[in-house]
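Counting begins at 1 with the first residue of the sequence. A quick note: this is a predicted structure, and the numbers were derived from the prediction, not measured. Every number for a ligand or one of its atoms is a count from 1 in the order of the listing.
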Amino acid sequence: MIAEGRAARPNDFTTAPVEQPKSHGPLANCPFCRGNEHQTPRELAQRTDDQDNWQVRVVPNKYPAVSLEPPVCESESSELHRGEVAAGTHEVIIDSPRHLRDWTELPVDSISEVLRVYADRLRHAYEHLNLPAALIFKNVGVQGGASLEHVHTQMMAFPFVPETLDQELQAAVDYKSRNMKCLYCEIIADELTHRRRLVHENDHYLAFCAYAGRQPYESWILPKKHAGSFTDFAEPAALAETLRAVIVRISGILPAPAYNLILHTAPMGDPRSDTFHWHWELIPRSTSLAGLEWGGGVFINSISPERAARTLLEINI
Ligand SMILES: [Zn+2]
Ligand SMILES: [Zn+2]
Ligand SMILES: [Zn+2]
């Protein structure tokens, strides 16, 4: 629901708690800063520079929501309840050894490296752990659900397809069976034609405010060329530049914004995967979810996507 009148409400944008001013030097109590590697479990993978210093580091989540050796499921399974052990993997990708808040403080080259690591970790989960579906996401800021400020990303891989991804896969299949075309390719062509919601574009990627965004300035980032799985993604620098540009623009409107950045990518071995078109969803968390959202699954967005795009384009990057 787009309801622009709601923006006039006092206190519509709840401001996030003021975050500590930061230096870019290592913080003694931050487990993700260079020099504090002993505060995390041993790394699963890392990328190093010419001097052998790590630039991107992957560690197991110290408090995993899922694991490869899950505890025994104590709940009964019955007609009423279906219980399954939470098998899977939960990894943390530390995007930089420096104590930065988000990608607005990282150069495009560094973001490109991080994106390559995402593809590597997805392939690892699919091919070596035999987990067919994964989510890669960022929780930034307190309202975005972050517990640590240092720039990082999480990957969870599962033996099942998560609900939202499953719905998107099915919607893409249903659309294709009716129209013989990829739903997302059609959306891209439409957005590039009228350009009313376009926020950023280069030769390989585009970003636009979502037609029915759940939160003000919700933006989607897609490759122009059809591809189901992010493991095959091309032109890392162009994608890094696009993602960074959208976050910089949003940060120009909502200083130090809280947001979730989520990758939707086709599961391995799913017959629907070729029909899918991978994409990132960037959801600023400027308003809190309340009764209508929890109770009805109805999201009120107080800024139309067309107006949001116009506002974002006014920001200098
Ligand atoms: Zn840190
Ligand atoms: Zn497509
Ligand atoms: Zn999606």
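- Using a 30° and 60° split on the angle between ring planes, Phe233 and Phe230 fall in the parallel class, below 30°.
- Atom ND1 is the N/O/S atom of His150 found closest to the Zn ion (ligand 1).
- By the neighbour-count criterion of 12 heavy atoms within 6.0 Å, atom OH of Tyr211 is sparsely surrounded, having that number or fewer from other residues, nucleotides or ligands.
- Rounded to 10°, the angle formed at the Zn ion (ligand 1) by SG of Cys33 and SG of Cys30 is 120°.
- Between Arg101 and Glu149 no salt bridge is recorded (no basic side-chain N to carboxylate O distance below 4.0 Å).
- The atom name of the N/O/S atom in His277 closest to the Zn ion (ligand 2) is ND1.
- In summary, the side chains of Ser110 and Gln55 do not present any donor paired with an acceptor at a separation below 3.5 Å, with no hydrogens or angles considered.
- Closest N/O/S atom of His226 to the Zn ion (ligand 2): ND1.
- Few gaps surround CG on Asp270; more than 12 heavy atoms of other groups in view lie less than 6.0 Å from it.
- Using a 30° and 60° split on the angle between ring planes, His264 and His279 fall in the perpendicular class, above 60°.
- For the Zn ion (ligand 3), protein N/O/S neighbours under 2.8 Å (waters excluded) are Glu168 OE1, Glu168 OE2, His264 ND1, His279 NE2, Glu281 OE2.
- The atom of His99 nearest to the Zn ion (ligand 1) is ND1, with the search restricted to N, O or S atoms.
- A salt bridge links Glu201 with Lys224: the distance from a Lys NZ or Arg NE/NH1/NH2 to an Asp or Glu carboxylate oxygen falls below 4.0 Å.
- Aromatic pair Tyr118/Trp280: ring centres closer than 6.0 Å.
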